[in-house]
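Everything below concerns the one structure shown next.
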Amino acid sequence: MAAIAATPRTLRASTMRQREQSVRKIQKKQPQKLNKKSQSKGLAPNTAPNRSGRVSPRKRKLAADGLPATQGRPPANLTPSKTSSATLHEDMSPDRPKRRRVGKPPTSTHGNTAHNGHTNMVSNLASGIKAVQDEQELEAKCYVDEYVIPDVAGVFDAAWPISVTDRLCAAERWVSLDSRLDGSDSMAAGAKEEICLWASAFIGFVADQLEVVATPKSHSAKPRRLIALNQLESAAAAANVDGCSCIDVAIATEVDSTSQVSESQIDGPCFKNAALSIGVKRFPSEQNRAYWQLAQRTHTLHSTQINRRFAWGLTVCGTHVRACLFGNDDILTSEVMDVATESGRKQFVTLLVNWAMCESQRLGYDSTIRYNGETGQWEIDVWDDESRVTHTYIHERTLFDTSSQFGRRTRCFIASAKENSGEQPVQKVLIKDAWAPTEFPGSEVVRDELSNLRTIRDKLGADDVLAGTYSHLEAGGVVQQMQTKQRTADDTTVSIFADIDSAVLEDVPDRIYRRVATTPVGEQLKSVRSVDELIVVVSDVMAAHTAIVRRCGILHRDLSTNNIMFCRDDDGMIRGLLIDFDNAVLQSDLHNEQRPDQIGTFPYMSIGNLEQSSVKRTALDDWESLIYILCWLGTIGINREDQTNVEIRSDLTICHWHDGSATNIAKAKRRTLQHSDLFGNEILACFAHPLLYANLARLILELRSQLFYNERLSSLAQGCIDFDPMYSSIRNAELRTHYLDCNIDTTVVDPFARRAEFADAIVDDLLRVVQKYRKAALERIKDAQISE
């Protein structure tokens with residue numbers, strides 16, 4: 001198989017926001033830059049140091065865990081190599097396992113084997129199947145460097161000659177194209193629709209022959225059936241299938257799809273039943289556009305399939321085929337497999353055969369999320385690191401899909417316990433999984449949500465007043481991916497990319513796949529029925545937030561509309577719920593930071609957070625985020641009903657809090673919050689329903705006053721702009737009085753820095769405000785219930 005090239009650097013931004021901006025830039029302006037830096041890089045042989053003389057840290061980690069160095073290797077020789085165009089020269093002796101030798105390809109006239117009929121194609125298929133090993137009972141381990149050759153030659157010879165079917169004729173049309181076409185001869189190249197049909201026929205031909213040649217024995221695994229899904233052949237091409245958008249070409253499997261499918265049962269290709277998607281273009285010169293097309297489709301594949309860990313993909317540009325492996329932070333791409341040449345067809349067939357034979361985990365599926373055909377339900381396993389027990393839950397619905405195929409890829413599901421006696425109500429849990437980054441292979445995650453949840457549970461679990469207002473940990477740990485029928489291992493990018501040289505992945509974070517189950521299960525803010533209910537919710541959430549800060553020493557750092565939820569009791573009363581401690585951190589760790597991280601959801605970040613100022617982060621930053629959340633809800637509507645009737649104008653001041661760079665957003669917030677008139681006229685006056693939201697506006701005004709203009713602090717600590725030194729006489733006079741900050745050096749003119757020193761006192765004032773409004777809101781809610 002050809003070598004993998006390094007992923008385009010433009011898709012490896014340091015933050016999620018930068019990464020998405022890079023992708024949009026590629027789409028709109030510079031698609032040709034996608035592969036600008038794609039080059040072949042080195043991969044060490046599996047059992048030896050790399051070419052620089054160093055052993056990959058991923059291999060060291062696997063060795064320490066007692067795993068084979070080949071574990072987690074992508075199928076079909078998709079390994080980086082410094083050889084730009086490698087050809088496999090294999091010793092096919094059945095006596096013992098052999099190693100693959102990489103060398104230069106033999107010289108040949110371009111396309112000289114393209115017209116040899118079906119004989120060459122079948123011969124290449126046989127070579128591809130021979131590259132697959134069958135190591136253990138019921139498991140097909142498709143290792144690259146070490147393999148056992150199955151005895152399939154006799155079965156293959158018995159099937160000769162193979163009749164020339166319609167499918168084979170279509171496949172021959174594809175491989176007979178001239179791969180040198182660059183767009184000047186559009187008639188000879190064939191239309192994109194024809195290439196889609198021809199490539200699908202090729203894949204179907206390989207699948208047909210694999211069933212004949214690789215008949216499983218009693219000790220071997222049955223190959224999965226590769227099904228080429230072609231939208232152009234489908235009567236349902238213009239419609240959505242099972243609620244999922246259609247795609248041009250994809251590969252599905254009978255074994256790993258949502259259900260057991262066959263070609264006759266599939267009405268049309270869609271993301272729900274695709275194992276991988278294919279980006280098709282007419283000419284090799286359109287390779288970068290094919291990359292972009294494939295990246296878009298793979299993003300949808302991730303968000304559609306609940307059991308997807310990572311994804312493969314193919315680009316077909318004329319006769320040039322490339323395989324792509326989509327990770328969390330990078331896309332690894334192979335070099336060209338030219339199906340117009342014998343060596344290229346052999347490589348592509350080998351890839352398809354390995355996809356048909358390898359474990360489903362190596363296709364990107366998650367063995368801990370399974371579809372139960374008998375019940376028609378998805379089952380999700382949650383491993384608990386403390387009790388060393390696996391808890392199984394039944395998936396009910398997906399609450400949050402991943403917003404990007406890169407980064408943490410956080411998802412949330414609502415599920416219920418699988419085992420229930422029937423005597424007790426079924427307990428619902430919120431399941432959340434994410435790929436958390438680590439500093440280096442084998443180290444702990446950078447921000448340990450699981451540890452924070454355990455601390456909160458242990459220290460607040462006995463407090464009945466706070467019960468139900470924060471995420472309570474039920475189970476959680478590193479996802480245990482199946483390696484053999486008797487063994488599991490931690491699911492990490494180290495195991496997925498175990499054989500890739502560290503030089504290729506030097507800028508790619510190592511990640512650990514973690515999953516937690518928490519209670520209670522809340523509803524989203526847009527389901528509240530009134531402003532009074534919203535006030536009760538935020539009051540409960542901030543009470544829990546304060547307790548977590550003071551009693552657990554943990555700062556949330558990411559208050560947003562998604563992380564504030566609520567629960568409704570049987571009597572209709574509600575309570576707020578604070579979730580998602582992904583970005584939470586111990587306050588003791590914050591004190592050691594020279595310049596705190598920029599963490600949170602952009603529109604709701606505090607000014608100091610946006611500017612990455614050196615002022616220490618405190619609970620006041622999260623209270624500032626609460627003001628931005630309430631202002632936004634007041635503008636767009638607090639619930640679904642109100643939001644459907646509101647049109648947000650782009651010229652509104654609050655839109656400048658959501659769009660633009662971090663610096664510009666911070667400037668807009670400083671300007672608006674500094675002056676009461678501006679804040680009232682440009683923010684509060686633009687609320688969706690000024691009369692109905694009057695109590696919300698009053699609450700926001702008081703929160704702003706206590707946070708930015710607290711009367712217990714001098715004028716140096718008030719507002720959002722540094723104090724003007726011209727007023728030094730006034731400043732010195734103030735500091736001789738009773739203000740809390742009278743002992744702080746007068747040279748400190750940043751009001752945020754002065755307020756941070758008295759965060760606890762200011763939080764007490766803020767809590768009194770929300771509790772006052774909560775009490776009044778509860779009285780109005782009860783009165784409304786009585787009147788009904």
Side-chain angles (χ1 to χ4, degrees), residues 449 452-473 518 520 522 525 534-561 563-567 574-591 596 599-600 604-606 608-609 615-630 699-700 702-708 710 712-713 740 752 755-778:
E449 180 184 26
N452 291 333
L453 289 174
R454 285 179 177 142
T455 300
I456 295 170
R457 179 194 61 189
D458 295 342
K459 295 191 176 182
L460 301 183
D463 193 329
D464 294 336
V465 175
L466 294 173
T469 61
Y470 60 88
S471 295
H472 182 274
L473 181 65
T518 61
L525 273 181
L534 177 61
I535 291 174
V536 172
V537 168
V538 298
S539 176
D540 292 343
V541 164
M542 297 316 294
H545 179 277
T546 303
I548 291 170
V549 170
R550 293 179 175 178
R551 295 162 61 178
C552 305
I554 296 172
L555 185 61
H556 191 281
R557 298 201 303 173
D558 190 17
L559 288 193
S560 69
T561 52
N563 295 338
I564 297 177
M565 306 185 77
F566 72 91
C567 299
I574 66 172
R575 64 182 183 278
L577 173 64
L578 179 61
I579 68 167
D580 192 0
F581 290 82
D582 246 353
N583 292 318
V585 66
L586 294 175
Q587 285 191 303
S588 58
D589 292 341
L590 284 175
H591 296 158
I599 294 295
Y604 313 120
M605 283 185 185
S606 66
N609 197 357
V615 177
K616 66 180 180 181
R617 302 291 183 263
T618 67
L620 298 183
D621 289 272
D622 286 349
W623 280 92
E624 186 179 336
S625 295
L626 177 66
I627 293 177
Y628 303 139
I629 292 170
L630 296 179
L699 171 60
I700 295 172
E702 288 202 38
L703 290 176
R704 170 186 172 274
S705 176
Q706 292 296 338
L707 179 57
F708 296 107
N710 194 292
R712 295 203 284 167
L713 298 174
L740 293 176
F752 291 94
R755 287 195 294 266
E757 297 297 325
F758 304 96
D760 286 343
I762 299 175
V763 166
D764 288 337
D765 295 338
L766 294 166
L767 273 176
R768 280 191 286 269
V769 171
V770 294
Q771 289 170 355
K772 178 183 69 174
Y773 276 83
R774 180 183 189 275
K775 181 178 179 181
L778 285 175

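When reading the values below, keep in mind they use all heavy atoms of this one structure, side chains included, and skip hydrogens, waters and symmetry mates.
For the pair E702/K772, a side-chain contact is recorded, criterion being any heavy-atom separation below 4.5 Å from C-beta on. In this structure the side chain of L703 never reaches within 4.5 angstrom of the side chain of M542, judged on heavy atoms. K616 has its side chain within reach of E757: a pair of non-hydrogen atoms, C-beta onward, lies under 4.5 Å apart. A 4.5 Å side-chain heavy-atom check between F581 and I548 finds at least one atom pair inside the cut-off. Inter-residue side-chain proximity for L559 and D621 is flagged as unmet; no heavy-atom pair is nearer than 4.5 Å. Annotation: side chain of D558 is in contact with side chain of N563 (closest heavy-atom distance under 4.5 Å). At a threshold of 4.5 Å between non-hydrogen side-chain atoms, the residues L626 and H545 do not count as touching.
To the nearest 0.5 angstrom, R774 atom CZ is 13.0 Å from L699 atom CG. Interatomic distance, S625 OG to L620 CG, rounded to the nearest 0.5 Å: 11.0 Å. Between atom SG of residue C567 and atom CD1 of residue I574 there is a gap of 9.5 Å, rounded to the nearest 0.5 Å. Distance CD1/I554 to CD/E449: 10.5 Å, rounded to 0.5 Å. We find the CG-CZ distance between D764 and R712 to be 7.0 Å, quoted to the nearest 0.5 Å. To the nearest 0.5 Å, atoms CD (Q706) and CG (L713) are separated by 10.0 Å.
At least one donor-acceptor pair under 3.5 Å links the side chain of N609 to the backbone N or O of I599. No donor-acceptor pair closer than 3.5 Å links the side chain of H556 to the backbone N or O of A619. Looking at S539, its side chain never comes within 3.5 Å of a backbone N or O of I535 through a donor-acceptor pair. Judged by distance alone, the side chain of R617 and the main-chain N or O of D622 form no donor-acceptor pair under 3.5 Å.
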Quiz: residues 453-462 side-chain donor-acceptor pairs under 3.5 angstrom, not counting sequence neighbours:
residue	atom	partner	partner atom	Å
R454	NH2	G476	O	3.2
T455	OG1	S451	O	3.0
R457	NH2	E386	OE1	3.0

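Here the shortest heavy-atom pairing between Y628 and S606 reads CE1-CA, 4.1 Å. Closest heavy-atom contact between L586 and N452: CD2-OD1, 4.3 Å. Heavy atoms only, all atoms of each residue included: A756 and T618 are closest at O-CG2, 4.0 Å. Nearest heavy atoms, A777 versus V536: CB-CG2, 4.1 Å. Here the shortest heavy-atom pairing between L577 and S471 reads CD1-N, 4.1 Å. When all heavy atoms of D463 and R551 are compared, the pair lying nearest together is OD2-NH1, 2.8 Å.
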R755 and N710: side-chain contact (heavy atoms from CB on, under 4.5 Å), yes or no, with the steps?
CA-CA 9 Å; R755 287 195 294 266; N710 194 292; 5.9 Å; no

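Ring geometry for F708 versus F752: interplanar angle over 60°, hence perpendicular rather than tilted (30 to 60°).
Among V537, V538, V541, D540, the single residue meeting the side-chain contact (heavy atoms from CB on, under 4.5 Å) criterion with F566 is V537.
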